[in-house]
Visitor: 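Encoded as structure tokens, here's the structure I'll be asking about.
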Amino acid sequence: MLKLTPAISLAFLASASAALPSPNGGDQLTNRAGDQLPIWAFRDLLSDSNLHAAVDALENADWQECKHAFSQAGEHISPDLVACTALTITPELRGTIDQMGGLWDEVDVSQMKTVPAIRYTPGSPGVRAHYDAYHQGDKVGPDATLVAYLSTPNPADYEPASGSVPAGSIYFPKAGAAVRPIAGTVVTFLANEDLALHGTADMLANATDNRYVIQFRASFGSGGRTKTACGASDAARSSCFASTDACFASTNACFASTDACFASKDACFASTDSC
């Protein structure tokens with residue numbers, strides 16, 4: 001069963017702290033003890049027009065298997081339940097990406113040409129907890145992950161499918177936090193923090209709507225800019241995703257111990273420094 005740490009409830013909201021690198025505004029999540037978490041939620045950030053543009057793009061998307069989607073039990077998830085695609089960033093979609101990238105002064109999304117999108121259908125078992133960050137020599141990246149909810153499930157679909165986490169939510173088991181899927185909300189977190197371990201809660205089998213998100217990761221560069229993110233150029237995109245696939249293929253069996261899995265990624269993504 002999927003439960004948060006018993007001593008920690010769903011996160012409350014607090015003002016941002018200067019103790020951590022932080023985005024521009026948003027509600028910083030805290031645990032029951034009042035500790036601020038490296039996770040922020042931006043409610044109603046995306047406009048209706050930007051949401052419509054994104055959803056329209058998804059309707060014509062070529063949905064494929066998510067190679068890195070594994071259930072809480074460690075089984076690969078069928079694309080009928082969790083599917084992935086890479087959306088071309090059209091002029092209509094550019095406003096959404098710019099809004100998301102603008103949350104961090106250090107992030108430059110102007111050269112991004114595609115953005116990953118994920119579809120979770122009713123009955124999806126949810127995606128097991130994992131880290132987005134990896135070690136590369138003495139550095140860890142990416143620095144931040146940004147996730148935008150594009151759809152709002154029927155309120156009845158929020159009931160926990162298992163355990164205490166609302167269905168379809170992004171959850172952070174070490175932080176004891178979760179954010180419900182509501183269209184227009186953007187969640188961002190510092191990917192290289194220990195509390196950034198995250199997954200997706202399962203969906204009710206009788207849910208009436210799919211859950212759609214777009215998301216991307218960014219590494220903070222010097223001078224308030226980022227390295228070019230994966231997907232920023234056609235040439236870079238294939239090598240980025242090829243190295244990502246190789247990294248995850250080598251760590252599929254190690255998620256029982258996330259610390260060991262995280263450590264084993266030291267040699268992964270060596271080619272993505274140019275991405």
Side-chain angles (χ1 to χ4, degrees), residues 1-4 10 41 46 48 50-90 92-93 96-97 100 114-130 132 145-173 177-187 197-217 231 241 244-245 248 252 255:
M1 293 187 59
L2 183 58
K3 289 183 178 291
L4 298 176
L10 293 183
L46 303 181
D48 287 343
N50 283 343
L51 284 171
H52 290 320
V55 172
D56 287 346
L58 290 172
E59 290 181 353
N60 299 315
D62 180 19
W63 294 102
Q64 303 288 334
E65 175 185 66
C66 294
K67 294 183 179 180
H68 313 138
F70 292 87
S71 69
Q72 316 298 344
E75 300 173 342
H76 194 268
I77 303 174
S78 164
D80 293 335
L81 297 174
V82 180
C84 291
T85 193
L87 291 179
T88 298
I89 301 176
T90 61
E92 293 77 17
L93 191 57
T96 298
I97 304 307
M100 294 174 68
T114 63
V115 62
I118 306 176
R119 179 189 66 197
Y120 301 87
T121 59
S124 165
V127 176
R128 67 184 175 187
H130 59 280
D132 287 346
T145 295
L146 299 98
V147 180
Y149 292 132
L150 302 182
S151 57
T152 302
N154 185 297
D157 297 343
Y158 283 142
E159 294 300 321
S162 66
S164 60
V165 179
S169 299
I170 184 173
Y171 70 94
F172 301 82
V179 181
R180 295 170 184 256
I182 299 176
T185 293
V186 174
V187 180
L197 182 72
H198 66 284
T200 303
D202 39 347
M203 299 262 296
L204 295 175
N206 62 350
T208 56
D209 298 297
N210 292 332
R211 174 184 181 274
Y212 292 103
V213 303
I214 55 175
Q215 62 183 51
F216 60 90
R217 298 171 290 178
F241 282 103
T244 302
D245 291 345
F248 275 86
N252 282 348
F255 275 87

Visitor: Heavy atoms only: give me the nearest Pro181-Gly168 pair and the separation to one decimal.
Guide: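 Reported closest heavy-atom pair: CG-O, 3.7 Å.
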Visitor: As an exercise, state the distance from CD of Gln215 to OG1 of Thr145, rounded to the nearest 0.5 Å.
Guide: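 OG1 of Thr145 is found 7.5 Å from CD of Gln215.
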Visitor: Decide yes or no for Pro125 and Leu81: does some side-chain heavy atom of the first lie under 4.5 Å from some side-chain heavy atom of the second?
Guide: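 Side chain of Pro125 against side chain of Leu81, heavy atoms only: contact under 4.5 Å found.
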Visitor: Within the 4.5 Å heavy-atom criterion, are His130 and His68 side-chain neighbours or not?
Guide: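 Sidechains of His68 and His130: no contact.
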Visitor: Of all heavy-atom pairs between Tyr171 and Thr200, which one has the smallest distance, and what is that distance?
Guide: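 That closest heavy-atom pairing would be CE2-N, 3.4 Å.
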Visitor: What distance separates Thr114 OG1 from Ile97 CD1, expressed to the nearest 0.5 Å?
Guide: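 It is 9.5 Å, given to the nearest 0.5 Å.
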Visitor: Looking only at heavy atoms, what is the nearest atom pair of Leu93 and Val115, with distance?
Guide: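 Smallest heavy-atom distance, with atoms named: CD2-CG1, 4.2 Å.
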Visitor: Is there side-chain contact between Val179 and Ser169, with heavy atoms separated by less than 4.5 Å?
Guide: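 Not in contact.
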Visitor: Which atom names give the shortest non-hydrogen contact between Pro79 and Arg119, and what distance separates them?
Guide: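 For Pro79 versus Arg119, the nearest heavy atoms are O-NH2, 3.7 Å.
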Visitor: If you measure from CG on Asn50 to NE2 on His52, what distance do you get to the nearest 0.5 Å?
Guide: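 Rounded to the nearest 0.5 Å, the CG-NE2 separation comes to 10.0 Å.
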Visitor: Give me the atom names and distance for the closest heavy-atom approach of Leu87 to Ala57.
Guide: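 Where Leu87 meets Ala57 most closely, the heavy atoms are CD2-O, 3.9 Å.
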Visitor: Check whether any side-chain heavy atom of Ile77 sits under 4.5 Å from a side-chain heavy atom of Glu75, and report yes or no.
Guide: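 Answer no - side chains too far apart.
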Visitor: Any side-chain heavy atom of His198 within less than 4.5 Å of one from Asp132?
Guide: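 Yes, their side chains come closer than 4.5 Å.
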Visitor: Roughly how far, to the nearest 0.5 Å, is the OG1 atom of Thr152 from the OH atom of Tyr212?
Guide: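 One finds 13.0 Å between OH of Tyr212 and OG1 of Thr152.
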Visitor: Do Val186 and Leu46 make a side-chain contact, defined as non-hydrogen atoms from C-beta onward lying under 4.5 Å apart?
Guide: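 Yes, their side chains come closer than 4.5 Å.
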Visitor: Closest approach of Ala53 and Glu92, non-hydrogen atoms and distance?
Guide: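 In terms of heavy atoms, the two residues are closest at CB-O, 3.4 Å.
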Visitor: Could you measure the distance from the CD atom of Gln72 to the CG atom of Asp202? Nearest 0.5 Å is fine.
Guide: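 CG of Asp202 is found 6.5 Å from CD of Gln72.
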Visitor: Within this structure, what is the CG-CG distance for the pair Leu150 and Asn210, rounded to the nearest 0.5 Å?
Guide: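 Leu150 atom CG to Asn210 atom CG measures 12.0 Å (nearest 0.5 Å).
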Visitor: With Tyr149 as reference, evaluate Ile214, Leu51, Ile170 under the side chain to side chain contact (heavy atoms under 4.5 Å, CB included) test and give the passing residue.
Guide: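 When side chain to side chain contact (heavy atoms under 4.5 Å, CB included) is applied between Tyr149 and each of Ile214, Leu51, Ile170, only Ile170 qualifies.
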